[in-house]
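Below you'll find the structure, written out as structure tokens, and then a few comments.
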2 protein chains.
Amino acid sequence: MKKVAPRSGPRPAAVSVSDATLRSFVGYQMKRAFNVIQSDLVKTLKPFDLRMLTYTALVLIVDNPGLRQSQLAEAMDVERPNMVVIIDELERRELITRDRVQTDRRAYALKATLKGRRLYEKAIAAVTAHEADLLRDLDEDARTTILAAMKVIQKAKKGDQS
Amino acid sequence: MKKVAPRSGPRPAAVSVSDATLRSFVGYQMKRAFNVIQSDLVKTLKPFDLRMLTYTALVLIVDNPGLRQSQLAEAMDVERPNMVVIIDELERRELITRDRVQTDRRAYALKATLKGRRLYEKAIAAVTAHEADLLRDLDEDARTTILAAMKVIQKAKKGDQS
DNA sequence: TATTGTTATACTCTATAACTATA
DNA sequence: TATAGTTATAGAGTATAACAATA
């Protein structure tokens, strides 16, 4: 009953694990796919000394000169306290400037420096190239569907019942 | 020059932030969408006192009785050291058992208890219902495309140049 | 010598309460 | 009183090195 069945291969892990139950969940597949994309993105941004959050913040600041930290935090869906260290890092590296808003001295106006804009250009080019490579086996139609679907999912949160 | 221009609305954040540059990246859209799905999943699993990781581990153990921690870690794409605390929690709550494998006394065979299998049934039902609700605005065609696309992305990692 | 599970540790991301300075 | 930014802190998730027991 408890006798060991003779095994030819040296790998006891030869029997593959079934994830049949989980596979059908969109959430499960998205987590796994997102992990792939994220780890690729981390590697891509490494040479620029950027992480996902610092990269995203830099892009938004370049594209929206003068915005405040709270606006950035809301746009990135990050809590304000967590925004501070991100901004601190970008400022310390002289990629952005933090200037008091004259009309509201509580707030800071964030702007990219020339150095920040140059890093922005390089980082975006690298991310674009890596993403194109990662998605090379998806045709244009599939990509369009994915983008559309991702937007639908994002909207599903707020409009719980229009 | 520095006079405050009279504003009608009380909200200075009225000017919306443009994320046009980021929007076209699949990775960006996936992160945002995944955040929505994840936070919904967290809420869904809360009543069962499960997190994504403990939920995933429980499902895989129920579906693959007797598997080892290292197999589970590989299946979940989690480092072995991080698997330990997850398994600890499931065992402490008597949802699974950890039995020494007779043929390899280094390893543990993981099995779900009756309590574990019951929680599995309830949790899966809840997750299924919540996911259906979250994706209610996506037709079957879109879901199929998404699932297929997520698999393509996952495969893109390993087969860098088949 | 290699592998299973473990401990310790560290870094990132996330989340909340409470403070300050301004409004 | 409310808001912008900050500090402190705690919880998750993730990653690596090093160890004991076993193969």
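Keep in mind that this is a model prediction, so the values were computed, not measured. Sequence lines set the chain letters: A, B, ... in the order given, protein chains first and strands last, and positions in each chain run from 1.
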For the pair made of [atom1] in [X] and [atom2] in [N], what is the distance, rounded to whole Å?
X: B:Glu74; N: C:dT3; atom1: CD; atom2: P; result: 13 Å
X: B:Met83; N: D:dG13; atom1: CE; atom2: P; result: 11 Å
X: B:Met76; N: D:dA12; atom1: CE; atom2: C1'; result: 14 Å
X: A:Arg68; N: D:dT6; atom1: CZ; atom2: C1'; result: 17 Å
X: A:Arg80; N: C:dA15; atom1: CZ; atom2: C1'; result: 11 Å
X: B:Asp88; N: C:dT7; atom1: CG; atom2: P; result: 7 Å
X: A:Leu67; N: D:dA4; atom1: CG; atom2: C1'; result: 13 Å
X: B:Ile86; N: D:dG13; atom1: CD1; atom2: P; result: 7 Å

Could you pull out every donor-acceptor pair under 3.5 Å between side chains of residues 117-126 of chain A and any protein atom, sequence neighbours left out?
| unit_1 | atom_1 | unit_2 | atom_2 | d |
| --- | --- | --- | --- | --- |
| A:Arg117 | NH1 | A:Ala112 | O | 3.1 |
| A:Tyr120 | OH | A:Asp63 | OD1 | 2.7 |

Looking at [X] and [Y], would you say the former's side chain and the latter's main chain have a donor-acceptor pair under 3.5 Å?
X: B:Gln71; Y: B:Leu67; result: no
X: A:Lys111; Y: A:Asn64; result: no
X: B:Glu131; Y: A:Gly27; result: yes
X: B:Asp40; Y: B:Val36; result: no
X: B:Thr44; Y: B:His130; result: no

Residues B:Arg80, B:Glu74: salt bridge by 4.0 Å N-O rule: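 A salt bridge is absent here (no side-chain N lies under 4.0 Å from a carboxylate O).
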Salt-bridge present (A:Arg98, A:Asp88; N to O < 4.0 Å):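 A:Asp88 and A:Arg98: salt-bridged.
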Distances under 3.5 Å between protein N/O atoms and the N/O atoms of nucleotides 18-20 of chain C, please, pair by pair.
none

- prompt: With A:Val152, which residues qualify under side chain to side chain contact (heavy atoms under 4.5 Å, CB included), at least two apart?
  reply: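 By the side chain to side chain contact (heavy atoms under 4.5 Å, CB included) rule, A:Val152 matches B:Asp137, B:Leu138.
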message: Evaluate B:Arg100 against B:Tyr108 for side chain to side chain donor-acceptor pair (under 3.5 Å), listing each step before the verdict.
response: CA-CA 5 Å; B:Arg100 282 286 180 199; B:Tyr108 285 117; 3.2 Å; yes
Table of protein N/O atoms under 3.5 Å from nucleotides 20-23 of chain D N/O atoms:
| unit_1 | atom_1 | unit_2 | atom_2 | d |
| --- | --- | --- | --- | --- |
| D:dA23 | OP1 | B:Arg105 | N | 2.7 |

- prompt: Below 4.0 angstrom from OP1 or OP2 of C:dG5, is there any side-chain N or O of B:Ser70?
  reply: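 True: B:Ser70 side-chain N/O within range (under 4.0 Å) of C:dG5 OP1/OP2.
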Could you go over nucleotides 9-14 of chain C and give all protein N or O partners under 3.5 Å, atom names and distances?
| unit_1 | atom_1 | unit_2 | atom_2 | d |
| --- | --- | --- | --- | --- |
| C:dC13 | OP2 | A:Arg51 | NH1 | 2.1 |

- prompt: What pairs meet the salt bridge (Lys or Arg N to Asp or Glu O under 4.0 Å) rule with one or both residues in residues 24-35 of chain B, with sequence neighbours excluded?
  reply: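 Of all non-adjacent pairs touching residues 24-35 of chain B, none passes salt bridge (Lys or Arg N to Asp or Glu O under 4.0 Å).
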